[in-house]
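Keep in mind that what you see is a predicted model, and the values were worked out from it rather than measured. First listed ligand is number 1; within each ligand, the first listed atom is number 1.
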Amino acid sequence: MNMHALHTTSATPDIATFVDIRRQIHAAPELGGDTPHTAAMVAEMLEGWGYEVHRNVGGHGLVGVLRNGDSSRTLGIRADMDALPMSEKNQFAHASRVPGRMHACGHDGHTAILLAAAARIAQTRQFNGTLNLIFQPDEEGLAGAKAMIDDGMFERFPCDAVFALHNMPGIPVGTCVVQAGPTMASSERVKINITGKGGHGAMPELTVDPVPVLASLINAIQTIKSRVLAVEEYAVISIGSVQAGTVYNIIPDEASMLISVRTDTTETQQKINNRLTEIVKGHEQTFGVKIDLSMVQLAPALVNHERETEILRQSLSPLFGEGQLLSTMPKKVMGTEDFAYMLEERPGCYFMLGNGTGEFHGCSVHNPHYDFNDELIELGAGCWIKLTENFLA
Ligand SMILES: [Zn+2]
Ligand SMILES: [Zn+2]
């Protein structure tokens with residue numbers, strides 16, 4: 001369809017238009033922070049509906065601002081725009097036209113939902129205050145939200161609260177999860193590098209062998225989850241890589257490992273990091289090696305704020321029937337989401353919309369057969385409209 005036609009007509013585009021927009025984004029996915037075409041398309045549409053658009057906020061991020069009335073209240077709603085570096089295996093007409101790139105997480109749908117809401121809100125203007133629509137690149141790289149924040153987004157576009165949504169395959173359409181407190185996990189990459197003294201495999205007495213140290217560390221690290229954390233403290237600690245040596249008869253100088261640490265609170269994360277540090281120091285003394293420990297946080301835990309979660313729940317309740325507005329996730333999720341950085345800066349809530357069940361719409365995100373369910377566009381837009389009208393009443 002012709003994008004330009006969208007803002008030459010005064011009538012609000014219908015849902016079919018946004019289904020079409022979603023499919024266009026799906027067919028032309030952009031990766032990471034490199035989302036110039038998606039961002040340009042979003043910006044042009046928002047401008048056409050009367051939004052003041054600020055481009056290049058933290059790279060290709062953009063913020064569309066709409067003011068109405070005289071209230072000083074401000075609201076931020078965020079959608080992510082980036083795809084994944086994988087090849088799509090679906091055969092339908094709107095399948096990715098770019099090998100090695102695919103909207104396998106539904107960010108095409110999140111963008112279309114927020115655009116559909118944007119068009120209607122601009123038409124009805126049933127709110128009092130300032131609405132900031134945040135379109136963010138590079139969620140999958142866990143860098144886009146931070147880049148926008150570091151570029152002064154919340155100073156330039158103050159938000160009393162921020163909200164975002166994600167589709168959730170395996171949950172029926174028409175069901176949503178609005179959960180207070182810890183909702184998505186933190187992600188940390190830990191690297192341990194052991195330096196000993198290498199030598200001939202026949203003369204271990206002349207060496208300081210890092211290999212047994214590596215083995216001992218692997219065992220000791222297993223005790224963090226099983227012996228240090230309480231049963232109600234959620235964590236996943238996975239050793240994803242161990243490296244040492246080259247051939248059978250050389251004792252290596254060095255050995256290393258890479259670990260993924262995920263938790264759902266800052267406190268648990270701190271506890272794990274403290275224990276890792278103690279274990280490493282103990283091994284240095286016991287084995288006479290030098291051990292470097294580096295811990296890089298990729299995203300903090302996502303913790304929804306109580307008050308804003310309740311506001312969202314009240315706003316959405318007219319849209320969902322009995323038993324369709326869940327207050328806890330059906331299953332604990334240890335995936336990460338970089339909206340967590342925004343929730344560290346401003347109060348808010350991140351909620352889930354069921355993408356459907358069955359082989360197709362129940363297919364997991366990040367799978368080559370996944371597709372966002374277009375039925376969610378109308379429902380999702382309705383959620384953002386209700387929130388805007390309620391929060392900026
Ligand atoms: Zn994803
Ligand atoms: Zn996602």
Q | Set of residues satisfying ring pair (Phe, Tyr, Trp, His ring centres under 6.0 Å) with respect to His54, sequence neighbours excluded | A | Phe157
List, one per line, each side-chain donor-acceptor pair under 3.5 Å for residues 81-88, sequence neighbours excluded.
from: Asp82; atom 1: OD1; to: His107; atom 2: ND1; distance (Å): 3.1
from: Asp82; atom 1: OD1; to: Glu139; atom 2: N; distance (Å): 3.1
from: Asp82; atom 1: OD2; to: Glu139; atom 2: N; distance (Å): 3.0
from: Asp82; atom 1: OD2; to: Glu140; atom 2: N; distance (Å): 2.9
from: Ser87; atom 1: OG; to: Gly100; atom 2: N; distance (Å): 2.9
from: Glu88; atom 1: OE1; to: His26; atom 2: NE2; distance (Å): 2.9
from: Glu88; atom 1: OE1; to: Ser96; atom 2: N; distance (Å): 2.9
from: Glu88; atom 1: OE2; to: His26; atom 2: NE2; distance (Å): 3.1
from: Glu88; atom 1: OE2; to: Asn90; atom 2: ND2; distance (Å): 2.9

Q. Does the cation-pi check pass for Arg73 over Phe391, that is, NZ or CZ under 6.0 Å from the six-membered ring centre and within 45° of its axis?
A. yes
Q: Could you please spell out the steps behind the salt bridge (charged side-chain N to carboxylate O under 4.0 Å, His left out) verdict for Glu47 and Arg55?
A: CA-CA 11 Å; Glu47 278 172 342; Arg55 292 169 169 81; 2.8 Å; yes
Using residues 375-388 as the side-chain source, report each donor-acceptor pair under 3.5 Å to any protein atom, sequence neighbours left out, with the distance given to one decimal.
from: Thr388; atom 1: OG1; to: Trp384; atom 2: O; distance (Å): 2.7

Q. Taking the inter-plane angle between the rings of His283 and Phe287 on a 0 to 90° scale, is it parallel (under 30°), tilted (30 to 60°) or perpendicular (over 60°)?
A. parallel
Q | Tally, protein N/O/S atoms nearer to the Zn ion (ligand 2) than 2.8 Å | A | 3
